[in-house]
Structure formats: C-alpha cells, structure tokens
Protein chains: 2
Amino acid sequence: MRKKTRDHIVMAADRLFYERGYEHTSFADIAAEVAISRGNFYHHFKTKDEILEAVIAVRLTDRAIMLGRWEAEVASPLERVMRFVKILIVNQSKIKQHGCPVGTLCTELSKLDHAQQDGANGIMDLFRQWLTRQFRNMGRERDADDLAMHVLMRSQGIAVLANTYRDDTFVRREVELAEAWLRSELATSTTV
Amino acid sequence: MRKKTRDHIVMAADRLFYERGYEHTSFADIAAEVAISRGNFYHHFKTKDEILEAVIAVRLTDRAIMLGRWEAEVASPLERVMRFVKILIVNQSKIKQHGCPVGTLCTELSKLDHAQQDGANGIMDLFRQWLTRQFRNMGRERDADDLAMHVLMRSQGIAVLANTYRDDTFVRREVELAEAWLRSELATSTTV
DNA sequence: ATTACATTAGGACAAGTGTCCCAAAAAAGG
DNA sequence: CCTTTTTTGGGACACTTGTCCTAATGTAAT
C-alpha cells in the first residue's frame, strides 16, 4: 500500500472533476469516494490545487501514452488523425454526459482564473502538436498547425453540442463530415 | 426605482455568471456589484436558482431581439448566417477571455446537473432554430437543421479554442473557413 | 527490540455559502 | 394627513468549504 492510496485519490479526483467539474467537487466528495478520512487526505495533498495538478499530470501522461500507441499501431498519418476524430464515437456516451474532459477543464479553469490553467491547456497542446506532426508527415509542412487546429476545433464543437443535445445522430454525422473534409483536404495536397 | 434594482441585479449577475461562471459567483459578489445589502437582495430573489432563471430569460430575450433585428436588416438568408458567424469576430475579445456565453453556461450547468439546464439549452436552441429557418429560406428544406447544427458546432469549437489559446489569427482564419464552407455549400444547392 | 518514519483517524478552525428574519425607511394610495 | 405596501439594511442561521493539528497506528530498518 505504498503509493496506492495516493493513486486512488488521484483516480477518484480525476473522475469526479470530469463528471462534476473541479469547483463543484469537494475534499469530502473525493475522500468519501476513496473511503478515507480527511486527515489522511491532507497527508497526501495539502491543497486542492495540488490534487488538480496531480490529476492534470495523470491526464497528460495517459493521453501521451495513447497517442504514442496510435503512432506505433497505425502506419498512415491520415488514419491516425481519423483515429483521433473517432474518439468522439468511442467515448460518445461519456462525452454526451460530461463533454470533452480536456475542453471542459480548460473552459472551467479559464473562468476561475486558476493557476493551473496552463497545465490544462498543455493537454490540449499535446493533441495539437501530435496532430501537427501527423499533417507534417502528410507533406503539409506549411499549414500543418492550421489543419491541426481545425481538427481540434471540430472535435471541441462536436463535444459541446453532443453534451448540450445528447444526440447520437448528430455526432455520427459530424464525424463523417470531418472525415470527408480530411480526405478532400489530403486529396488537394497530393495533387499540388 | 420601481423595478430598477431588480434589473441591476440581473444585469450584474448576467455579467458575473459569464465572466466567473455560475457556481463561482456568490450572492455577496452580486450584491457588492450592485451595492445593495443581502436583505434587499433576498427581497428580489429568494434563491440563487431564481437569479439564474432571470438571467437566462434576459439572455434569451436579448438574443431573440438581436436575431429579429438581423432578419429585418439583412435581406439575404446567406448574409444573415454570415452575420451570425461574424459574432466571433465582433465579440472576439470577450470570447477570448470567457468563451461563448451560451456554450459555457450549457457546459457548466450540465456538470452541475442543474435544474435550469433546459433553460440554458433553450438559448442554444433559439440560435439553432433561427439558423434552420435561414437555410430553409435558401431552399435547403431537407438538411436545414443539419446545416444549422454544423454552423453551431463550428462557432462553439472556435469559441472553446479561442478561449484556450487566445489567438486572434486562429479565430479570423476559422471564420473565413466557415464562410468559405457556407458559400460552397450554397453553390451546390443552387446548381442542384 | 528499539528507533524512525509513513500513514491514518478524528476533529478543530476560520471563512464563506445560501437562506432567512425583522425592524426601519421609503413610497404609494386613500 | 394617515394607512398600507414596498423596499431596504443589518444581522442571524445552519451548513459546507478548504485548511491544519495532534495523537494513534502501522511499517520498516537497524
């Protein structure tokens, strides 16, 4: 049980921050979830900011691992970006309920003017840079970052409306539109 | 001063809910902003939910008036939708700081599982229905709602990333892309 | 076994929350 | 003018918040 309790806390906080939002989650909520006392809690994390910091670090690592795995498993950069867009389908039910874990956290911390804003934005940036790399591999050195931002923009927009309307058909349709856009973009790049 | 105090409260709450978020804004914050006592406050609004309800009502009315004005001022449905997309440019600095007033409220209330979720979603729906009407006027009866949702999705996605990265160039570029997409969509509809 | 350290429980703390009451002041109506 | 109603200020309320302390317990190493 060396570091297990700490990990349990971070895992529970990660889930609760996503489901209820950072501010709306209290020490007591997390402690109850892990079934430990507040004193024990304090031994691992002195402030709420520290927990958020740990949660952000875990999320960053998780996503980096996922993206690394995709890079290993999927050969074509185009297919990799497609895989990214398909998260919206794979995680559809969670996103319908609570939105995008990355986007909603960035939005919330922005309103709170929280010190960990840069940390949360860093997760978004991880995706941005990964996408940029994929587009560079497709020979779009010049506008790789613009294309990456466009893909991000679409996924964030879809996530917000998926959460608002909880409409499966909409999500599927927009994912197909995004894929169609991707293909047509790449078609012009190979002809030029 | 018959209803002036009440209006002041709603106006201040409207701004603070937008800038700091609903939950992160307290009775004291609003009261201090309007420079009244909490007792006076309570006379106008018994619960925090009631203020939110009033704020949502005001926002809904404001947006409805704005959309009505656009319908009166701008003849072409295409130009009207363009006008909608251009909000992102006109309100750019606010959106960079605090995101989309509609989208961020829907997102926050979803996390709080708040009773006024439907109210906030109703503002989004006002835009959706207005956009749908414009596309119908362009002769796209069949997929008018899909196109409306696509426009909404783009503006929400742009707003989230504008808030995250605070990048003017990105916003301008994506607005132009949205306008280009609109034109190309309508070109196919007139040829069919 | 004894020392040293890590972990835990339970509670105390001040500050802030939304809610509510009540009496004074102002306004309105006759 | 006097009465009635609306509006206001000031404070009390029960509760939750994040933070912090201390004492007890477990665990590991010498």
If the cut-off is 4.0 Å, is [X] near the phosphate of [N], judged by side-chain N/O to OP1 or OP2?
{"X": "Thr5(B)", "N": "dT8(D)", "result": "yes"}
{"X": "His43(B)", "N": "dC20(C)", "result": "no"}
{"X": "Tyr42(B)", "N": "dT19(C)", "result": "no"}

Distance in angstrom units between [X] [atom1] and [N] [atom2], rounded:
{"X": "Phe45(B)", "N": "dT7(D)", "atom1": "CZ", "atom2": "C1'", "answer": "14 Å"}
{"X": "Asp49(B)", "N": "dT17(C)", "atom1": "CG", "atom2": "P", "answer": "16 Å"}
{"X": "Lys46(A)", "N": "dC21(D)", "atom1": "NZ", "atom2": "C1'", "answer": "11 Å"}
{"X": "Lys48(A)", "N": "dT16(D)", "atom1": "NZ", "atom2": "C1'", "answer": "12 Å"}
{"X": "Leu112(A)", "N": "dG18(D)", "atom1": "CG", "atom2": "P", "answer": "12 Å"}
{"X": "Ile9(A)", "N": "dA6(C)", "atom1": "CD1", "atom2": "P", "answer": "16 Å"}

field: Electrostatic pair Arg83(B):Glu73(B) at N-O distance under 4.0 angstrom
entry: yes
field: Contacts of type side chain to side chain donor-acceptor pair (under 3.5 Å), residue Asp118(B), not counting sequence neighbours
entry: none
query: Looking at the rings of Tyr165(A) and Phe170(A), which for Trp means the six-membered one, are their centres under 6.0 Å apart?
result: no
- request: Begin with the C-alpha distance, continue with both residues' side-chain angles, and end with the deciding distance and a verdict on side chain to side chain donor-acceptor pair (under 3.5 Å) for Asp29(A) and Ser26(A).
  value: CA-CA 5 Å; Asp29(A) 290 336; Ser26(A) 69; 3.2 Å; yes
- request: Determine whether Tyr22(B) and Asp49(B) make a side-chain contact, defined as any pair of heavy atoms from C-beta on separated by less than 4.5 Å.
  value: yes
- line: What residues 12-41 of chain B contributes to the DNA chain C interface at heavy-atom separation below 4.0 Å is Thr25(B), Ser26(B), Phe27(B), Gly39(B)
- line: Between the CZ atom in Arg20(B) and the CG atom in Leu112(A), the distance rounded to the nearest 0.5 Å is 11.0 Å
